[in-house]
Asks: 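Have a look at this one.
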Amino acid sequence: MLHLLTGFEFDQDGYLQILDTASAMKEDPRKYSQVLAGRSGAIMFEKPSLRTRTTFELAFYRLGGHGIYLDLQNGDLGKRETIGDYARNLSRWVDCLVGRVYSQRTLEELAKYGSVPVINALSDLYHPAQAMADYLTVREHLGRLKGATLCYTGDGNNVTNSLLVAGATLGVNVWCCVPEGCGPDVQIFTKAREIAKKNGCELKVFNDPSLIKGVDVLYTDTWVSMGDNTPLDSVRKKYMPYQINKALLEQSGAQIVLHCLPAHRNYEITDEVMDGPRSVVFDEAENRLHIHMAVLSKLISD
Ligand code: CP
Ligand code: NVA
């Protein structure tokens with residue numbers, strides 16, 4: 001059984017198949033309206049969400065299936081009953097578990113004790129379906145992925161890790177320009193770099209924003225992720241040199257700018273860039289729906 005827990009589950013063909021299916025579904029959604037007829041999934045969120053929740057629910061609906069939202073924000077998984085029992089129960093009723101969780105271990109336990117595919121809708125370490133939607137957006141705008149260079153700036157986090165994993169697999173050069181000590185997860189980076197070597201692309205981490213030149217895509221995310229109570233203003237000084245603003249955009253040469261959203265406007269990205277002609281952040285948000293449809297059809301109907 002195939003899960004989407006980390007993004008390492010798929011090789012390049014697997015990623016391209018999902019991206020191609022998503023493009024086809026975007027082009028003609030009605031053709032796929034019965035793909036999940038009679039199928040259902042539990043959508044479990046320990047943290048807030050706008051995009052991921054809406055698009056997973058809609059993805060089930062558009063494929064003829066049913067997504068059941070389970071609000072866990074007032075009581076984390078494992079409190080009322082064990083995660084194992086939770087997974088064993090749900091597996092008797094639904095065909096898939098979609099989870100946004102504080103700890104990656106929670107997803108691994110759901111996969112261990114459940115008997116249906118588990119999809120990571122964001123954890124402390126990964127946001128794999130986000131990265132798929134991001135590269136679909138890049139491909140739509142640049143017309144290619146192999147050999148393109150995406151530079152991520154700001155805080156090395158779950159989104160950064162997933163951009164590295166998916167980028168390495170798809171042959172994209174992924175640069176991370178981050179303050180010292182704020183890089184992506186070292187183990188994930190090392191594993192992704194082995195994949196990148198085979199695919200002829202380069203992953204690197206550096207601290208000096210003046211080196212961001214000659215890239216195709218600029219990408220940023222919040223400086224403080226969900227679950228971290230650090231006040232945003234207390235880290236402003238550290239991250240401000242990494243802000244995506246007009247000067248950095250011009251220096252970088254990037255044709256497009258991405259942000260997974262929600263954005264903290266005029267912190268990690270200025271209004272001017274986010275609302276400017278090179279911003280594709282809402283195309284990116286739209287593509288979450290098409291990717292989720294493709295992922296659900298791959299994991300459930302296959
Ligand atoms: N990008 C993203 O995952 O957005 P939400 O937190 O609103 O789901
Ligand atoms: N890194 C962010 C992503 C939000 C979609 C977080 O985990 O809060």
Side-chain angles (χ1 to χ4, degrees), residues 1-23 25 35-36 39 41-44 52 55-56 59-60 63 67 83 87 90-91 94-101 103-136 138-139 145-146 150 157-172 174 184-199 201 203 260 287-288 290-302:
M1 185 179 22
L2 193 53
H3 300 288
L4 176 57
L5 296 175
T6 64
F8 282 117
E9 295 87 351
F10 296 96
D11 60 10
Q12 190 174 89
D13 283 347
Y15 270 89
L16 289 174
Q17 197 194 358
I18 290 173
L19 265 59
D20 291 346
T21 304
S23 295
M25 288 174 161
V35 167
L36 293 187
R39 306 294 192 97
I43 304 173
M44 304 163 281
T52 312
T55 53
F56 265 114
F60 273 105
L63 295 169
I83 295 172
L90 287 170
S91 296
V94 299
D95 301 288
C96 169
L97 308 179
V98 178
R100 170 167 287 194
V101 296
S103 166
Q104 180 71 19
R105 280 195 305 275
T106 303
L107 293 172
E108 282 158 13
E109 276 199 58
L110 288 171
K112 181 175 170 191
Y113 294 106
S115 49
V116 295
V118 177
I119 297 175
N120 183 344
L122 182 148
S123 69
D124 52 338
L125 287 180
Y126 299 99
H127 199 359
Q130 173 75 54
M132 289 175 175
D134 297 338
Y135 287 115
L136 176 65
V138 171
R139 189 172 76 168
L145 285 172
K146 268 194 185 165
L150 177 148
N157 60 20
N158 44 8
V159 169
T160 328
N161 294 336
S162 285
L163 286 170
L164 285 161
V165 176
T169 312
L170 286 161
V172 180
V174 184
D185 181 90
V186 175
Q187 279 184 350
I188 295 171
F189 180 84
T190 308
K191 201 170 158 189
R193 200 163 51 179
E194 288 306 309
I195 297 171
K197 273 187 208 153
K198 286 186 206 134
N199 289 323
C201 58
L203 306 186
C260 58
N287 282 338
R288 303 293 306 284
H290 310 300
I291 281 291
H292 291 167
M293 288 171 67
V295 168
L296 290 175
S297 71
K298 166 103 189 120
L299 266 54
I300 300 176
S301 62
D302 270 15

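Residues take their numbers from the sequence shown, with the count starting at 1.
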Asks: Measure across Gly114 and Ala87 and return the closest heavy-atom pair with its distance rounded to 0.1 Å.
Replies: N-CB, 3.6 Å
Asks: I'd like to check Ile119 versus Phe56 (side-chain heavy atoms, cut-off strictly below 4.5 Å). Are they in contact?
Replies: yes
Asks: Quick one: side-chain hydrogen bond (donor to acceptor under 3.5 Å, both in side chains) partners of Gln187, sequence neighbours excluded?
Replies: none
Asks: Mind checking salt bridge (charged side-chain N to carboxylate O under 4.0 Å, His left out) for Lys198 and listing every partner two or more places apart, or none if nothing turns up?
Replies: none
Asks: Minimum heavy-atom separation for Ala22 and Ala294, please, with both atom names.
Replies: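 Closest heavy-atom pair between Ala22 and Ala294: N-CB, 3.7 Å.
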Asks: Between Phe60 and Ile300, does a side-chain contact (heavy atoms from CB on, under 4.5 Å) hold up when you go through it step by step?
Replies: CA-CA 11 Å; Phe60 273 105; Ile300 300 176; 4.0 Å; yes
Asks: Calculate, to the nearest 0.5 Å, the distance between atoms CE and NE2 belonging to Met25 and His290 respectively.
Replies: 11.0 Å
Asks: With sequence neighbours left out, write down each residue that passes side chain to side chain contact (heavy atoms under 4.5 Å, CB included) with Asp124, or none if nothing qualifies.
Replies: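 For Asp124, the residues satisfying side chain to side chain contact (heavy atoms under 4.5 Å, CB included) (neighbours in sequence not counted) are Gln104.
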Asks: Can you find a heavy atom in the side chain of Thr160 that is under 4.5 Å from one in the side chain of Leu163?
Replies: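 The answer is no, as the side chains (C-beta and beyond) never meet within the 4.5 Å cut-off.
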Asks: Work out which heavy atom in Val35 is nearest to a heavy atom in Ser297; give both atom names and the distance.
Replies: CG1-CB, 3.7 Å
Asks: Can you measure from OH (Tyr113) to CD1 (Ile83) and round to the nearest 0.5 angstrom?
Replies: 9.5 Å
Asks: Would you say Glu9 and Leu4 make side-chain contact, with heavy atoms under 4.5 Å?
Replies: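 Sidechains of Leu4 and Glu9: in contact.
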Asks: Checking Asn161 now: which residues fulfil side-chain hydrogen bond (donor to acceptor under 3.5 Å, both in side chains) with it, not counting sequence neighbours?
Replies: none
Asks: Are the side chains of Asn120 and His127 in contact, using a 4.5 Å heavy-atom criterion?
Replies: no
Asks: Which heavy atom in Leu203 sits nearest to a heavy atom in Ala196, and how many Å separate them?
Replies: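 Reported closest heavy-atom pair: CG-CB, 3.8 Å.
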Asks: Please give me the minimum heavy-atom distance between Phe189 and Pro184, naming the atom from each residue.
Replies: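 Where Phe189 meets Pro184 most closely, the heavy atoms are CD1-CG, 4.3 Å.
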Asks: Please name all residues satisfying side-chain hydrogen bond (donor to acceptor under 3.5 Å, both in side chains) with Arg288, sequence neighbours left out, ordered by chain then number.
Replies: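 Per chain and number, Arg288 pairs via side-chain hydrogen bond (donor to acceptor under 3.5 Å, both in side chains) with Thr52, Gln130.
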Asks: With side chains defined as the heavy atoms from C-beta onward, is the minimum distance between Leu5 and Tyr126 less than 4.5 Å?
Replies: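 The answer is no, as the side chains (C-beta and beyond) never meet within the 4.5 Å cut-off.
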Asks: For Ser23, give me all partners under side chain to side chain contact (heavy atoms under 4.5 Å, CB included), at least two apart in sequence or on another chain.
Replies: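 With sequence neighbours excluded, Ser23 shows a side chain to side chain contact (heavy atoms under 4.5 Å, CB included) to Leu136, Arg139, given in chain and number order.
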Asks: How would you list, by chain and number, every residue that makes a side chain to side chain contact (heavy atoms under 4.5 Å, CB included) with Asn158, sequence neighbours excluded?
Replies: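 By the side chain to side chain contact (heavy atoms under 4.5 Å, CB included) rule, Asn158 matches Leu122, Asp221, Ser225.
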Asks: Mind checking side-chain hydrogen bond (donor to acceptor under 3.5 Å, both in side chains) for Thr55 and listing every partner two or more places apart, or none if nothing turns up?
Replies: His292
Asks: Does Glu194 come within less than 4.0 Å of Lys191, counting only side-chain N to carboxylate O?
Replies: no
Asks: Could you check whether any side-chain heavy atom of Asp13 comes within less than 4.5 Å of a side-chain heavy atom of Gln17, counting everything from C-beta outward?
Replies: no
Asks: What distance separates Arg105 CZ from Leu110 CG, expressed to the nearest 0.5 Å?
Replies: 13.0 Å
Asks: Taking only residues two or more places apart in sequence or in another chain, which ones pass side chain to side chain contact (heavy atoms under 4.5 Å, CB included) with Tyr15?
Replies: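 Once residues adjacent in sequence are excluded, the partners of Tyr15 under the side chain to side chain contact (heavy atoms under 4.5 Å, CB included) criterion are Phe10, Met132, Val165, Ala166, Thr169, Leu170.
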Asks: At what distance, to the nearest 0.5 angstrom, does CG of Leu125 lie from CG of Asp185?
Replies: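 Output value for this atom pair is 5.5 Å.
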Asks: Apply side-chain contact (heavy atoms from CB on, under 4.5 Å) to Leu296 and Cys96, showing your working.
Replies: CA-CA 8 Å; Leu296 290 175; Cys96 169; 4.0 Å; yes
Asks: To the nearest 0.5 angstrom, please state how far the CG atom of Leu150 sits from the CG atom of Leu164.
Replies: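 Rounded to the nearest 0.5 Å, the CG-CG separation comes out at 9.0 Å.
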Asks: Out of the candidates His3, Met1, Glu109, only one should pair with Val118 under the side-chain contact (heavy atoms from CB on, under 4.5 Å) rule; please name it.
Replies: His3
Asks: What's the shortest heavy-atom distance between Cys201 and Ala168, and which atoms?
Replies: SG-O, 3.8 Å
Asks: Okay, side chain of Arg100, backbone of Ala121: is any donor-acceptor separation there less than 3.5 Å?
Replies: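 Yes.
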Asks: As an exercise, state the distance from CG of Asn199 to CG of Leu145, rounded to the nearest 0.5 Å.
Replies: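 If we round to the nearest 0.5 Å, Asn199:CG and Leu145:CG are 12.0 Å apart.
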